[in-house]
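Structure, as structure tokens:
Letters A, B, ... mirror the listed sequences (proteins, then strands); counts begin at 1.
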Amino acid sequence: MGIQGLLPFLKNILTPSHIRNYRGCTVAIDAYCWLHKGAFACAEKLAAGEKTDMYVYYCMKYINMLLSYDIKPILVLDGCHLPSKKNVEKKRRERRELNRKKAAQLLRDGKRKEARDALVQCIDITPQMALELMNACRDKGVDCITAPYEADAQLAYLSQTGIAQVIITEDSDLILFGCHTIMFKMDTSGAGMLIQNKDLNKAMKLQDAHYTFDKFRYMCMLSGCDYHANLPGIGLSKACKAMKLTRQIDVRLILKKIPMLLNIRNLTVSAEYIEGFIRADNTFLYQLVFDPLSRKLTPLNPYPPGVKAEDMHYAGPPMSPDHAFQLALGNMDIQGNRIANFDPAPRSQSWINDTEKTPYLLSIWDPNYKPRGQVPEGEEPTRPSTKGKEVLLQAMGISKPKANEQRRKSEPPLKPIKKGWFR
DNA sequence: TCCTAGTCGTCAT
DNA sequence: CGACTAGGA
């Protein structure tokens with residue numbers, strides 16, 4: 001789902017780019033995207049419950065590519081389901097079950113090709129699969145973090161706090177959560193399409209003075225999002241038109257004026273619709289995320305005055321700090337069962353390089369870790385002089401050694417952790 | 001012109 | 001998940 005048609009709507013500000021332009025930066029990854037694509041390589045085995053690590057290798061192709069460009073990847077995984085999405089999850093489960101039965105019948109009939117097509121439709125990314133990927137990443141010294149709830153909100157938090165300079169995903173919802181810079185459609189070579197939060201006003205064709213990010217988010221939500229349906233007959237174009245025509249900033253008043261702004265007579269905006277809209281908006285603004293620095297739960301954005309966490313149960317019910325921490329580390333599954341014993345503490349003693357100059361290259365769980373911060377505006381990825389030099393250095397094979405590279409070479413083997421069958 | 005709902009592809013040989 | 005598209009308002 002996501003926001004239907006958002007990427008085509010933003011095509012004017014989507015720019016082709018390459019991840020090598022972010023050398024020395026941190027990139028946070030929506031792990032689900034890679035896991036889902038990687039699962040296609042071994043759909044039959046996964047459906048049959050056979051052991052396979054094909055999807056792990058698929059994901060590690062991307063990780064290794066990023067490491068080769070001296071980029072620090074942070075893998076972000078999904079945590080608990082939001083209460084509002086329980087129904088969606090149930091429907092997906094039922095759809096997978098249906099396709100599973102369909103595939104079994106087709107297989108009995110000897111229709112192997114059609115059976116595979118049905119099998120592919122019942123692919124499920126299990127927490128065990130996510131754990132295998134996390135273990136493979138941590139073997140390489142790559143940070144992983146499981147969000148308390150949706151990875152989307154967690155990725156946006158890493159973007160907004162300057163922990164990550166780029167977010168890699170296929171999900172257009174990340175734009176609404178307020179990420180600064182996102183790369184979509186990145187291939188295994190590192191080429192993709194970049195979108196920046198600061199350009200969204202151009203996509204709406206709104207003057208800077210009249211543009212707010214709130215307006216952009218309302219536009220998207222009016223066209224329908226995962227948390228709330230659209231008004232009948234309203235898509236992105238009409239929603240954009242409505243947001244251009246009003247200077248109102250109060251959500252309730254904007255919504256009440258929609259039929260007038262768009263000249264649609266038989267359209268009524270019910271009180272229920274408005275309240276649902278505001279709950280959805282709050283889910284984008286205040287969903288609970290995990291702050292790896294303070295090791296505490298926090299809303300994606302600070303609550304406005306007078307609002308308390310208890311008012312926001314739909315944006316993620318509060319959980320105990322230790323539960324959230326163990327979930328974030330990947331030691332606990334969403335049912336609360338212990339599934340691993342990863343302890344980030346021993347690693348913090350082992351860094352002896354020039355990490356004083358580059359504390360942002362440490363593990364996010366290291367007490368000395370510090371976010372790199374936002375990349376100065378306009379500095380990347382289109383800086384011709386730098387681009388040319390990088391190409392030249394690579395062609396000459398004399399790319400200067402980076403702290404990142406030295407760190408990886410001198411890294412001691414991690415203490416043994418429960419790894420299952422992955423070598 | 002815009003919205004909607006449905007179908008197809010994602011890997012890799 | 002998005003891309004693409006036929007069909008309807």
_Without decimals, in angstroms, what is the distance between A/Leu6 CG and B/dT4 C1'?_
17 Å
*Mind checking A/Arg92 for me? I need base, sugar-phosphate or nothing, with any heavy atom below 4.0 Å counting as a touch.*
sugar-phosphate
*Between A/Lys241 and B/dT1, is there a side-chain N or O to OP1/OP2 distance below 4.0 Å?*
no
*Scan A/Thr169 against the nucleic acid and name what it touches under 4.0 Å (heavy atoms): base, sugar-phosphate only, or nothing.*
nothing
*Report yes if a side-chain nitrogen or oxygen of A/Lys61 is closer than 4.0 Å to either non-bridging phosphate oxygen (OP1 or OP2) of B/dA12; otherwise report no.*
yes
*Salt bridge A/Lys72-A/Asp143, side-chain N to carboxylate O under 4.0 Å*: yes
*Choose from B/dT10, B/dC2, B/dA5 the nucleotide whose nearest atom is closest to any side-chain atom of A/Lys238.*
B/dC2
*Identify whether the distance between the nearest side-chain nitrogen and carboxylate oxygen of A/Lys91 and A/Glu94 falls below 4.0 Å.*
no
*Atom CG of A/Asp117 to atom P of B/dC11: distance rounded to whole Å?*
15 Å
*Could you check which of C/dC1, B/dT4, B/dT10 has an atom nearest any side-chain atom of A/Asp171?*
C/dC1
*Given atom CZ of A/Phe40 and atom C1' of C/dC1, what is their separation to the nearest angstrom?*
10 Å
*To the nearest angstrom, how far is A/Ile175 atom CD1 from C/dG2 atom P?*
9 Å
_For atom CD1 of A/Ile234 and atom C1' of B/dT4, their distance in whole Å_ = 13 Å
*asked:* Categorize A/Phe184 for me: base, sugar-phosphate, or nothing, with a 4.0 angstrom heavy-atom threshold over every strand shown.
replied: nothing
*Angle class for the A/Tyr32/A/His36 ring planes (parallel below 30°, perpendicular above 60°, tilted otherwise)?*
parallel
*asked:* Please identify which of these residues, A/Arg217, A/Lys238, A/Met204, meets the side chain to side chain contact (heavy atoms under 4.5 Å, CB included) condition with A/Met243.
replied: A/Met204
*Rounded to the nearest Å, what distance is computed from the CG atom of residue A/Leu236 to the P atom of nucleotide B/dT1?*
17 Å
*Could you check which of B/dT4, C/dA3, B/dC11 has an atom nearest any side-chain atom of A/Lys185?*
C/dA3
*Pair A/Lys296 + A/Asp291: basic N to acidic O under 4.0 Å*: no
*Phosphate contact (B/dC3 OP1 or OP2) by A/Ser237 side-chain N/O below 4.0 Å*: yes
_If I take atom CH2 in residue A/Trp34 and atom C1' in nucleotide B/dT10, what distance separates them, rounded to the nearest angstrom?_
15 Å
*Roughly, in whole Å, what's the span from CG in A/Leu46 to P in B/dA12?*
13 Å
